Amino acid sequence: MTQHIFVTGGVVSSLGKGLTSASIGMLLERRGLTVRMQKLDPYINVDPGTMSPYQHGEVYVLDDGSETDLDLGHYERFTSSPLNRDSNYTTGQIYQTVIEKERRGEYLGGTVQVVPHITDEIKRCIRKLASPDVDVVITELGGTVGDIEGLPFLEAIRQIPLDVGKENCLFIHLTLVPYLKAAREAKTKPTQHSVQQLREIGIQPDILICRTERAIGREHTDKIALFCNVEKRAVIEEIDKEYSIYEVPVGLVEHQLDELIVEKLNMTAGPLELDDYHDLVHRIRNPRHEAKIAVVGKYIDHRDAYKSIYESLDHAGFQHSTRIIVKRIESEELERQGADALLAGIDGILVPGGFGMRGIEGKIQAVQYARENNIPFFGICLGMQCAVVEFARNVMHLNDANSSEFERDTQHPVICLLDEQEGVVAKGGTMRLGAQPCLLAEGSRSAEAYNSSEVNERHRHRYEFNCEYREKFIHAGMTPVGTSPDGTLVEVVEIPDHPWFVAVQYHPEFRSQPNNPHPLFTGFVGAALNIRQHHSRRLVR
Ligand code: GLN
């Protein structure tokens with residue numbers, strides 16, 4: 001029998017529900033249980049693919065090409081739960097399915113209503129993940145208790161214990177316990193109100209996780225327990241972590257959360273295996289080096305817009321015992337101030353993915369600076385396309401080279417629309433998406449980093465390297481070293497005559513884990529460290 005854990009949040013958003021859910025998944029896996037992770041998002045978009053990163057942060061892409069919420073990135077970084085289309089549902093998807101069924105006449109003349117039709121569809125999506133070989137399904141509910149659009153989801157999870165048995169369900173609620181400086185006190189009232197709202201809906205949380213900036217103490221947690229009708233030991237404080245998000249699971253173990261869950265769900269689980277993870281946390285807390293990496297993008301002021309990139313840089317840093325200092329540079333700012341002003345003293349430059357014209361020239365200037373000053377460069381998706389345009393303009397002297405995304409009638413469309421995209425007008429879910437194989441040339445830096453000549457990486461784009469220019473690029477010193485197996489699509493370019501210049505059409509950041517960093521990120525950070533050491537030796541002399 002598969003058990004269900006539901007994670008809800010209250011008081012405010014951005015409490016780290018995704019991170020906590022992922023940490024719980026990890027702890028249960030490390031007790032030998034098989035876990036499936038799922039996120040339900042109450043917004044009406046069918047998926048986040050059509051949304052600006054300013055709304056909900058980056059769009060996270062899975063192997064099967066689904067465009068999902070960034071919390072799924074946490075799930076993949078913390079657990080080995082396989083994710084697919086069933087791992088992220090939105091109100092839009094739920095309604096779409098119900099309306100399609102109605103159009104097919106499947107409701108046999110009935111009035112289609114939120115309860116039971118929408119709630120039944122939500123329950124079907126949750127129960128889909130349960131199977132004989134799965135011990136626990138962890139379902140995280142996006143948004144905050146009290147949001148109008150979250151109500152059908154809360155109603156659905158309220159009903160699940162009636163279907164599968166109360167003893168097989170566990171409700172975990174995350175809240176905020178703010179510290180009021182003026183009163184010199186932690187305040188439990190918002191938590192009480194949030195739980196009250198849940199109980200009005202008919203959900204009694206079994207465990208409360210209280211996010212706090214500083215320790216709140218037994219006195220307060222006992223009070224929360226009493227007012228919220230939760231066992232004292234099931235009120236757990238989760239204090240902000242000093243070094244890294246990867247400390248979260250360790251903090252939860254200190255409060256025996258894994259044991260509490262196993263006990264409450266009456267599961268048989270093995271002992272907690274955390275030795276290697278403690279090693280990782282030790283390395284994170286005690287770095288021996290530092291490297292300064294510039295990330296030059298468009299959504300720089302939004303912390304979550306390049307979430308997986310920042311995490312992957314950190315993972316590579318853990319591997320090299322290096323603290324990564326990221327300098328986030330707005331590409332339009334670079335256009336205003338110039339590359340010298342913003343990039344001097346940087347050990348590595350990364351240009352991430354993106355869409356649209358704004359800030360493109362700044363990204364191209366960043367590439368030029370990296371290429372001309374022998375600074376390790378890593379281009380990802382749009383970053384690769386900018387690298388190709390820069391090289392065409394400044395090395396091959398095709399002055400007006402561009403991507404046809406930005407200048408439809410450019411004389412030299414070195415980046416052009418993928419053939420399969422001709423005539424595609426609908427925006428949602430229509431890009432080249434998901435995992436695709438790629439062959440790497442022997443002896444290339446990439447093949448060396450991966451230690452393999454065949455890799456599989458996730459994509460999300462409409463434009464590609466224009467193969468009509470292929471020979472000219474090779475001749476001028478930029479080599480397409482990775483292609484689709486049939487050789488028609490260029491996936492990786494390198495400049496062999498540069499300390500480390502690798503640009504990829506795909507998104508390696510979706511395949512990096514803290515204890516298993518992505519080889520290209522490891523290679524990039526390693527090259528940045530070399531440059532840094534080289535520079536400091538020169539200074540000493
Ligand atoms: N805008 C570019 C394209 O569609 C790059 C996309 C991306 O960086 N994800 O091809």
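Start at 1 and go down the list; that is how both ligands and their atoms are numbered. Just so you know, these numbers come straight off a predicted model, no measurement behind them. Just the heavy atoms: all of them, side chains too, but no hydrogens, waters or symmetry mates, feed the values below.
- For D240, the side chain to side chain donor-acceptor pair (under 3.5 Å) partners two or more places apart in sequence, or in a different chain, are R211.
- Across every non-hydrogen atom of K298 and F355, the tightest pair is NZ-O, 2.5 Å.
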Once you restrict both partners to nitrogen or oxygen, which atoms of ligand 1 have a protein partner under 3.5 Å, and how far apart are they?
from     : atom 1 : to   : atom 2 : distance (Å)
ligand 1 : 1 (N)  : G354 : O      : 3.0
ligand 1 : 1 (N)  : E405 : OE1    : 2.7
ligand 1 : 1 (N)  : E405 : OE2    : 3.2
ligand 1 : 4 (O)  : R462 : N      : 3.0
ligand 1 : 8 (O)  : G354 : N      : 2.8
ligand 1 : 8 (O)  : G354 : O      : 3.4
ligand 1 : 8 (O)  : L382 : N      : 3.0
ligand 1 : 9 (N)  : R460 : O      : 2.9
ligand 1 : 9 (N)  : H507 : NE2    : 3.4
ligand 1 : 10 (O) : Q385 : NE2    : 3.1
ligand 1 : 10 (O) : R462 : N      : 3.1
ligand 1 : 10 (O) : Y463 : N      : 2.8

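- Y299 has its ring centre no less than 6.0 Å from the ring centre of H302.
- The distance from atom CD of E509 to atom OH of Y306, rounded to the nearest 0.5 Å, is 11.0 Å.
- H461 meets the side chain to side chain donor-acceptor pair (under 3.5 Å) test with R432, Q505; sequence neighbours excluded.
- Residues that satisfy the side chain to side chain donor-acceptor pair (under 3.5 Å) test with E330, not counting sequence neighbours, are absent from this structure.
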